[in-house]
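Quick notes on the structure that follows.
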Amino acid sequence: MPVARGGSAGNLSGGKTLKTLFSVSMAAIMSGGMWASVVLAGPSDDKLVIDEQIEMTTRTAAPEGHPLDEVISGWHYRTPETRALETDTFQNPGMLAVEEGAQIWETVEGTEGKSCATCHGDASESMAGVGANYPKWDEDSGKPINIELQINKCRVENMGAEPYKFDKDGQKPLTAFIKHQSLGQPVALDLSQGDMQTWWDKGKDLYYRRTGQLNLSCATCHEDYNGYRIRADHLSQGNANGFPTYRLKQGALVSIHNRFRGCIRDTRAEYPAAFSDDLMALEVYVTWRGSGLSVETPAVRQ
Amino acid sequence: MKFTIKSGLASALVLLASTAFAASVVAPGDVAIEDGAVSKSLTGAPGDAAEGRKTFADRKLGNCLACHAVTDQSEQLFHGEVGPPLDGVGDRWSEAELRAILVNSKAIFSEDTIMPGFYTLDVGVDVREDLVGKTILTAEQVEDVVAYLITLKE
């Protein structure tokens with residue numbers, strides 16, 4: 001039994017250190033095969049097809065340099081009911097926000113009397129596949145830029161409008177609308193742009209850095225223990241391909257930086273500001289970890 | 001005037017009492033883990049198993065159920081599966097070993113264990129401001145949980 005559990009942890013997460021595995025199996029041996037009574041719920045084997053039409057890649061071989069063998073979407077770790085909501089655009093509660101984003105796209109704002117559509121026209125053409133490649137390198141700021149900040153850049157520089165504050169006004173719906181134009185497209189970052197690689201390195205450091213009184217890193221939960229239940233939560237690999245996601249718990253869209261902050265806060269640590277260099281670096285690295293997964297925006301999560 | 005003297009006296013007394021109490025409590029930095037065990041009670045007194053049972057389940061305190069299942073608390077919803085079930089843990093480990101596991105699991109299992117150290121200041125970076133210098137559990141709560149774990153026999 002202990003061996004079986006060690007093995008399944010290895011399959012699911014691949015990255016657990018020998019030392020930890022050893023202590024787990026030691027503990028398991030000492031507990032006299034208690035594992036026999038534990039039903040381990042790994043990721044489901046279902047296939048995600050949206051509207052019986054778009055076949056989504058939710059499991060794929062990990063990119064080179066990734067600690068795990070297989071990259072798995074958070075969709076697989078959710079309950080059958082939650083998974084079902086994402087298979088149908090009409091049932092997906094996040095689509096309401098996407099429609100709101102579509103309206104904002106057409107809305108004139110700012111001193112220049114322009115809307116997004118004035119310059120970018122039909123988003124289903126101009127924005128198709130765009131969201132799958134973000135964050136990108138932004139020459140002007142000399143930093144990576146995500147969709148939220150690109151929207152703000154266009155609002156300020158091209159529309160004469162105020163930038164959205166974090167998670168406020170049109171930021172989440174418009175981001176979801178733009179990302180949704182890449183539904184089914186594989187996440188693919190170009191790390192050769194500008195200094196993207198440096199930011200990836202920094203993001204990786206942050207990913208493995210233990211924070212807070214609970215002394216946990218992102219990797220402790222999402223790399224070593226994905227596939228296990230932590231109280232009522234089924235731990236996934238913590239991939240970014242579905243953001244902004246619709247969280248049933250909150251009954252609203254949740255942005256990627258909000259999710260990061262929540263996860264860091266849960267280690268009982270102070271958390272960085274949204275769009276800070278730390279969270280941008282983390283977004284670059286975490287998004288890369290999900291390379292090859294289909295963009296699911298708006299994904300449905302618990 | 002009278003009132004001030006009286007309350008001044010009272011707080012002096014409280015201060016005295018708490019210093020006396022603090023003197024017998026081993027500070028987090030002074031706990032010696034030897035051969036995977038901490039032989040003496042952190043408070044100098046035995047813990048209260050009934051209190052320990054509550055601390056174990058309390059999400060704001062031990063939150064042990066986040067990662068461990070235990071049949072004794074089957075009335076609680078959602079037991080985690082990240083760590084081994086703790087049924088019979090009182091047979092597998094001695095009281096002194098259980099105390100060491102709780103104080104700083106990293107010194108017992110491995111540096112990478114997901115289990116937090118409950119009475120150590122060897123913690124992660126950027127600790128929430130109001131928690132700096134504080135342990136997850138107090139010495140008394142650790143002793144209570146140890147007393148409870150000892151009762152978990154098969």
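Just so you know, these numbers use all the heavy atoms, side chains as well, and skip hydrogens, waters and symmetry mates. Within every chain, numbering begins at 1; the chains are lettered A, B, ... in the order of the sequence lines, protein sequences first and strands thereafter.
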Residue list, side chain to side chain contact (heavy atoms under 4.5 Å, CB included) with B:F78, at least two apart or on another chain: A:R231, A:A232
Check whether B:I108 gets within reach of chain A through its side chain, its backbone, both or neither, counting any heavy atom under 4.5 Å. neither
Would you please name every residue forming a side chain to side chain donor-acceptor pair (under 3.5 Å) with A:T220, sequence neighbours left out? A:S217
Kindly indicate whether the side chain of A:R209, heavy atoms from C-beta on, has any atom under 4.5 Å from the side chain of B:D126. yes
Picking from B:G80, B:G117, B:G88, which has the most non-hydrogen pairs under 4.5 angstrom with chain A? B:G80
Suppose a student defines contact as a heavy atom less than 4.5 Å from any heavy atom of chain B. Which residues in residues 238-256 of chain A would they list? none
Counting only heavy atoms closer than 4.5 Å, note whether B:T120 contacts chain A via side chain, backbone, both or neither. neither
OH of A:Y228 to SG of B:C67, rounded to nearest 0.5 Å, is 12.0 Å
A:N215 and B:M115: CA distance, side-chain angles, deciding distance, side chain to side chain contact (heavy atoms under 4.5 Å, CB included) verdict: CA-CA 9 Å; A:N215 207 355; B:M115 179 162 158; over 6 Å; no
CD (B:E75) with more than 12 external heavy atoms under 6.0 Å: yes
Check whether any side-chain heavy atom of A:L235 sits under 4.5 Å from a side-chain heavy atom of B:E81, and report yes or no. no
Just do the side chain to side chain contact (heavy atoms under 4.5 Å, CB included) check on A:L216 and B:I114 with the steps written out, would you? CA-CA 7 Å; A:L216 301 166; B:I114 190 171; 3.7 Å; yes
Would you say A:Q213 and B:I136 make side-chain contact, with heavy atoms under 4.5 Å? yes
For B:D130, does the CG atom sit with more than 12 other heavy atoms under 6.0 Å from it, leaving out its own atoms? yes
Give me each pair satisfying salt bridge (charged side-chain N to carboxylate O under 4.0 Å, His left out) with a member in residues 258-268 of chain A, each pair once, sequence neighbours excluded. none
In the structure I gave you, are the side-chain heavy atoms of B:E129 and A:E270 within less than 4.5 Å of one another anywhere? yes
